[in-house]
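Here the structure comes first, spelled out in structure tokens, and everything after it is commentary.
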Amino acid sequence: MNKVLVSMCIAGAALAMSSCRSVEKATPLSSINGEWNIIEVNGSKVTPGESRTLPFIAFDTATGRVSGSSGCNRMMGNFDVNAKPGSLELGAIGSTRMMCPDMTTERNVLSALVQVKGYKKAGKDKLYLCNASNRPVIALEKKEADVKLSILNGEWKVKEVNGEAIPSGMEKQPFIAFDVKKKTIHGNAGCNLINGGFETNTSSAKSISFPGVASTMMACPDMETEGKILKAMNEVRSFDVLAGGGIGLYDANNALVLVLEK
């Protein structure tokens, strides 16, 4: 009788453990929101080269956009926000085309991202991206904001728009002045004065956009540059500090649309 009871208890305990595992609450998609440093790829620790930072990936669970750096180049793509919790379906990842002294880390990161099919917590502020066999292929650690919004404060000359240098000798040098405390801007697009505000997003410390920028209505001999600047400002969704100094403003696809210098 005792043996039967013991067997029943063991079976009951095993069933209870199995049930706990089966009903364990999956990590919600919202938990991956924000920016994450890539600290391991396929079990190997990532060590950034001299004067370089760790590769990172950013998820925006509101829009399904993914962005970041694979070690040398900026990357961008999307993911399915309707996938079940714990699943992560990444779309095709695009990237810029710069060459760096060591492309090994970049190749490893991009190769691992292709395999990702899910995610799971790996402790406080840590996350695993897993393959179809549920094996971790990338280890992430929550990224502390290394660029503060306050860096934008003050007046910046517009040096480039969509990769083209601003023509020299313009009667009015295009510039944008930020008041970070008030979240307002003013400046000149090359002919007309511009005024307005800017918005940020809590999902990324580097997010910024310029909805509803107003300008005066003067006509100048050359309005082409002004038109390009205003169009680019309307497309801006993020900013970052450039390696050679200055600030880069990027569109939703992570393409550099404006370069600013003090």
Side-chain angles (χ1 to χ4, degrees), residues 10-48 52-95 103-147 201-207 237-238 252-254:
I10 291 173
L15 181 60
M17 290 173 66
S18 175
S19 297
C20 286
R21 285 196 297 268
S22 63
V23 299
E24 184 180 359
K25 191 174 181 180
T27 304
L29 184 68
S30 58
S31 66
I32 75 172
N33 199 61
E35 297 184 344
W36 301 80
N37 282 324
I38 298 173
I39 58 174
E40 285 184 17
V41 178
N42 287 315
S44 297
K45 184 178 179 181
V46 175
T47 305
R52 302 202 68 82
T53 57
L54 282 168
F56 74 95
I57 190 166
F59 299 100
D60 186 336
T61 54
T63 64
R65 292 191 179 278
V66 60
S67 59
S69 167
S70 47
C72 168
N73 286 283
R74 294 178 71 90
M75 57 184 183
M76 68 292 293
N78 55 67
F79 61 98
D80 183 5
V81 296
N82 296 313
K84 65 181 181 180
S87 295
L88 184 60
E89 294 291 335
L90 295 176
I93 300 293
S95 67
M103 301 291 285
T104 303
T105 296
E106 173 140 325
R107 285 193 292 267
N108 290 341
V109 168
L110 293 175
S111 177
L113 283 173
V114 173
Q115 303 175 48
V116 171
K117 295 296 180 184
Y119 63 91
K120 60 183 178 182
K121 282 188 175 180
K124 181 177 171 57
D125 294 330
K126 291 187 178 179
L127 199 70
Y128 285 139
L129 301 184
C130 306
N131 63 13
S133 301
N134 208 31
R135 180 179 69 82
V137 291
I138 293 178
L140 306 177
E141 186 173 55
K142 199 69 173 177
K143 190 177 192 295
E144 293 184 11
D146 54 356
V147 177
N201 190 318
T202 55
S203 68
S204 172
K206 298 176 184 177
S207 71
R237 293 297 180 269
S238 65
N253 294 317
N254 234 16

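The first residue in the sequence is number 1, and the count goes up from there. All heavy atoms count here, side chains included; hydrogens, waters and symmetry mates do not.
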Residue Phe56 excluded, over 12 heavy atoms near CZ under 6.0 Å: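 Yes.
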How about NZ on Lys126, more than 12 heavy atoms from neighbouring residues, nucleotides or ligands closer than 6.0 Å, or not?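 Incorrect, the count does not exceed 12.
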Sub-3.5 Å donor-acceptor pair from the side chain of Asn33 to the main-chain atoms of Thr61, do we have one?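 Side chain of Asn33 to backbone of Thr61, a donor-acceptor pair under 3.5 Å: yes, one is there.
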Can a donor-acceptor pair be found, under 3.5 Å and without considering hydrogens, that links the side chain of Glu89 to the backbone of Asp80?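 No.
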Measure the spacing between [atom1] of [X] and [atom2] of [Y] and express it to the nearest 0.5 Å.
X      : Y      : atom1 : atom2 : result
Asn82  : Leu29  : CG    : CG    : 9.0 Å
Cys72  : Arg107 : SG    : CZ    : 10.5 Å
Gln115 : Asn42  : CD    : CG    : 6.0 Å
Arg74  : Ser95  : CZ    : OG    : 11.5 Å
Arg237 : Arg65  : CZ    : CZ    : 8.5 Å
Ser67  : Ile93  : OG    : CD1   : 9.5 Å

Using a 4.5 Å cut-off on heavy atoms from C-beta on, say whether the side chain of [Y] contacts that of [X].
X      : Y      : answer
Lys117 : Val137 : no
Ile57  : Ile138 : no
Lys142 : Trp36  : yes
Ile39  : Val46  : no

Passes side-chain contact (heavy atoms from CB on, under 4.5 Å), Asn134 versus Tyr128? Steps please. CA-CA 10 Å; Asn134 208 31; Tyr128 285 139; over 6 Å; no
Working note: Leu129 + Leu90, criterion side-chain contact (heavy atoms from CB on, under 4.5 Å); need CA distance, chi angles, decisive distance, verdict. CA-CA 11 Å; Leu129 301 184; Leu90 295 176; 5.7 Å; no
Starting from the C-alpha separation in whole Å, work towards a yes-or-no answer on side-chain contact (heavy atoms from CB on, under 4.5 Å) for Leu113 and Met75. CA-CA 11 Å; Leu113 283 173; Met75 57 184 183; 3.8 Å; yes
For Tyr119 and Leu140, what are the C-alpha separation, side-chain angles and deciding distance, and is it a side-chain contact (heavy atoms from CB on, under 4.5 Å)? CA-CA 10 Å; Tyr119 63 91; Leu140 306 177; over 6 Å; no
So which of Ile38, Leu110, Asn108 actually passes side-chain contact (heavy atoms from CB on, under 4.5 Å) with Pro55?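 By the side-chain contact (heavy atoms from CB on, under 4.5 Å) criterion, Pro55 pairs with just one of Ile38, Leu110, Asn108: Ile38.
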